[in-house]
Amino acid sequence: MHWEMIGFLYNRTTPFSMEKLLQYVIKTNCFCERDFEACCMSEKKITETANTANLQLGDSNHEFPIFDGTIGPSVVDISKLYAQTGRFTYDPGFTSTASCESKITYIDGDEGILLYRGYPIGELAEKSSFLETSYLLLKGELPNKNDYNEFVTSIANEANVPSQLHNFFSGFGEDAHPMAMLCGVVGGLSAYYHEATDINNASHRLEASQRLIAKIPTIAAMAFRHSVGENFVEPVKGLGYAENFLNMCFQKPTDSAPISSTLVRAMERIFILHADHEQNASTSTVRLASSSGANPYACIAAGIACLWGPAHGGANEAALKMLSEIGNVDRIPDYIKKAKDKNDPFRLMGFGHRVYKNYDPRATVMQETCHEVLAELGIKDDPLLDVAMELERIALSDEYFVEKKLYPNIDFYSGITLKAMGFPTSMFTVLFALARTVGWAAQWNEMIEDASQRIGRPRQLYTGYSARDYVAIAKR
Ligand code: SDX
């Protein structure tokens, strides 16, 4: 990976000085100087168009390089805009801003395409396992049998959490939201591993990534068991990743029946669907937190906090609450009306997406999984599913939703599925965070390895007071 990456950087026209690159190479102790020269001559180059973007400001013309990726939109490198023009770009919500270069996940929102390292999400959901997909996201290629078995063993060996961490939970009331517990406990892992983690050392980063992937299900299950007042269940060697998680959540001392393979498969698939999603809000939070050099446990905790919001990962919990509030199909028109009313803050939870202006490909798989789980559990006429199906039918034919390209997203069907599996709504975003931890870890690694990345520090359009003198309180 280093050879390829350094070769890319050396051959790019972005102002990447050889000295800086050499410092990076030596700092990450990946090559001696001789190898560095050799790998910089590597054949692989990022495709760069000859063209540049011209910006006319008054009577001065400014040129900025344009870079093409493998697929998807090109980018205009405006990193020198302020130095050249004394002006910032302005893009609240970053609707037109690429924050980084990445090879991990590709989304085509118009076509409803989602690729993890080039593999379509539908194929991975159908044919892969969550740990195989995790390996792919982290390392860039699907593993051979030996590498896969070694990875699975490494994860299984790290599944337990430090025993003192159990006491952390006794500080939470039983009514504590599981996301609050997850946020606190994951951040608390820094207390055990911060000193031993050099984020510039690739093997330390892999160790931290695997540790987080291994421990997040255990911590998530502990948060669930605490919220329902039950004792913790330890991970069991020999159980698969999803099966172990379900066992830690639902095992009853008196019930040793194995967990249904349909439910295990559904859990695996739900984890795969949620594993990564390009530069979404929580991933960007992890990248920004990591850009200061903070330790990975604190950065992943920051991602969990951001994911909690109802506009983001909290939408699955909000969508199920909305379906329950609607209650029956007769009340749907009232809610569609509310969703369309500009003066009403109500949004149809589980609909719309910043990037997808077509059906979210994950929602399609999620809907299939929902039907499989309900069938497996013998749930014939779930009123919530009836409301969801009718709501989807109406919304997809309503001109407001069609014109604004608002389609169901991954959160629309996940809530019904997770509720049927026995999870309370308060656990839905916890499951999202559990699955997304591998995506956050992969993006974190990529950011640290990208020598062009620096501390993230956006600027602003200031519209406050200009300088003014202090007025004594007696005169105010
Ligand atoms: C996730 O980024 C990711 O990749 C996220 C995610 C991931 O895997 O990481 O995919 C996970 O977060 C999925 C999205 C889950 N959120 C929801 O389901 C909440 C409901 N959706 C909306 O809040 C909204 O659609 C967002 C937040 C998802 C997207 O917001 P945008 O891109 O800022 O779009 P917008 O708010 O500018 O909406 C554009 C228009 C507006 O109307 P106008 O001002 O143009 O008249 O569409 C309307 C909005 O009012 N609109 C909706 C709507 N979503 C957008 N109207 C009613 N119901 C909705 N759900």
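Just so it is clear, the model here is predicted, and its values are computed rather than measured.
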I want to check something: taking the side chain as every heavy atom from C-beta on, are Leu136 and Leu142 in contact at a cut-off of under 4.5 Å?
yes
Using ring pair (Phe, Tyr, Trp, His ring centres under 6.0 Å) as the criterion, list what pairs up with Phe412, not counting sequence neighbours.
Phe351
Test ring pair (Phe, Tyr, Trp, His ring centres under 6.0 Å) applied to Phe88 - qualifying residues, sequence neighbours left out:
Tyr82
Sort and list the pairs that fulfil side chain to side chain donor-acceptor pair (under 3.5 Å) and have at least one residue in residues 165-175, not counting sequence neighbours.
none
To the nearest 0.5 Å, how far apart are CE in Met366 and CG in Asn316?
9.5 Å
Between Glu446 and Lys103, is there a donor-acceptor pair closer than 3.5 Å when you use the side chain of the first and the backbone of the second?
yes
Could you tell me if the side chain of Ile300 sits less than 4.5 Å from the side chain of Leu189, heavy atoms only?
no
Do any pairs count as a side chain to side chain donor-acceptor pair (under 3.5 Å) and have a residue in residues 463-473, sequence neighbours left out, and if so which ones?
Tyr470-Arg476
Value for CD1 (Ile199) from SG (Cys299), rounded to nearest 0.5 Å, stands at 7.5 Å
List the atom pairs, with distances to 0.1 Å, where a side-chain N or O of residues 307-314 and a protein N or O form a donor-acceptor pair under 3.5 Å, not counting sequence neighbours.
unit_1	atom_1	unit_2	atom_2	d
His312	NE2	Asn280	OD1	3.4
His312	NE2	Ser282	N	3.2
His312	NE2	Ser282	OG	2.8

Are His226 and Phe168, when compared by the centres of their aromatic rings, separated by less than 6.0 Å?
no
Quick check: do Pro217 and Met267 have side-chain heavy atoms less than 4.5 Å from each other?
no
Using atom types as modelled and distance alone, determine if a side-chain donor or acceptor of Lys419 lies under 3.5 Å from a backbone N or O of Thr425.
no
Kindly say whether Phe130 contributes a backbone atom to a donor-acceptor pair with the side chain of Glu268 at under 3.5 angstrom?
yes
Looking at Thr285 and Gly303, what are the two nearest heavy atoms and their distance?
CG2-N, 4.2 Å
Donor-acceptor under 3.5 Å (Tyr400 side chain, Ile336 main chain):
no
Please tell me if the side chains of Leu165 and Tyr192 come closer than 4.5 Å, counting only heavy atoms from C-beta onward.
yes
Across all chains, not counting sequence neighbours, the ring pair (Phe, Tyr, Trp, His ring centres under 6.0 Å) partners of Phe250 are Phe224, Phe423
Could you check whether any side-chain N or O of Thr218 sits under 3.5 Å from a backbone N or O of Ala159, counting only pairs where one atom can act as donor and the other as acceptor?
yes
I'd like to check Asn409 versus Tyr356 (side-chain heavy atoms, cut-off strictly below 4.5 Å). Are they in contact?
no
Show, in sequence, the C-alpha distance, side-chain angles and deciding distance for Arg269 and Glu368, and conclude whether the salt bridge (charged side-chain N to carboxylate O under 4.0 Å, His left out) test is met.
CA-CA 11 Å; Arg269 207 180 298 159; Glu368 290 158 13; 5.4 Å; no
Looking at Thr437 and Ala433, would you say the former's side chain and the latter's main chain have a donor-acceptor pair under 3.5 Å?
yes
Any side-chain to backbone donor/acceptor pair from Ser397 onto Ile394? Under 3.5 Å, distance only.
yes
May I ask you to decide whether Glu278 forms a salt bridge with Arg354, counting only side-chain N to carboxylate O separations under 4.0 Å?
no
Check this for me: does any side-chain nitrogen of one of Arg265 and Glu372 sit under 4.0 Å from a carboxylate oxygen of the other?
no
Side chain of Tyr241, backbone of Ile213: donor and acceptor closer than 3.5 Å?
yes
Backbone N/O of Cys249 and side chain of Arg225: donor-acceptor pair under 3.5 Å:
yes
Regarding Glu376 and Ser260, is there a side-chain donor-to-acceptor distance under 3.5 Å anywhere?
yes
Measuring only between side-chain heavy atoms, which start at C-beta, is Leu418 closer than 4.5 Å to Ile270?
yes
Taking it one step at a time, do Lys321 and Glu325 satisfy salt bridge (charged side-chain N to carboxylate O under 4.0 Å, His left out)?
CA-CA 6 Å; Lys321 283 182 179 160; Glu325 188 187 314; over 6 Å; no
Would you say the side-chain atoms of Gln84 and Glu63 include a donor-acceptor pair closer than 3.5 Å?
no
Taking the side chain as everything from C-beta on, heavy atoms only, tell me whether Val185 gets closer than 4.5 Å to Met222.
no
Determine, step by step, whether Thr197 and Asn295 satisfy the side chain to side chain donor-acceptor pair (under 3.5 Å) criterion, reporting the C-alpha distance in whole Å, the side-chain angles of both residues, the deciding distance to 0.1 Å, and the verdict.
CA-CA 7 Å; Thr197 307; Asn295 77 74; over 6 Å; no
With a 3.5 Å cut-off and no angle check, do the side chains of Thr97 and Asp91 form a donor-acceptor pair?
yes
Check whether any side-chain heavy atom of Leu396 lies under 4.5 Å from a side-chain heavy atom of Tyr407, and answer yes or no.
yes
State yes or no: are the ring centers of Tyr335 and Phe346 separated by less than 6.0 Å?
yes
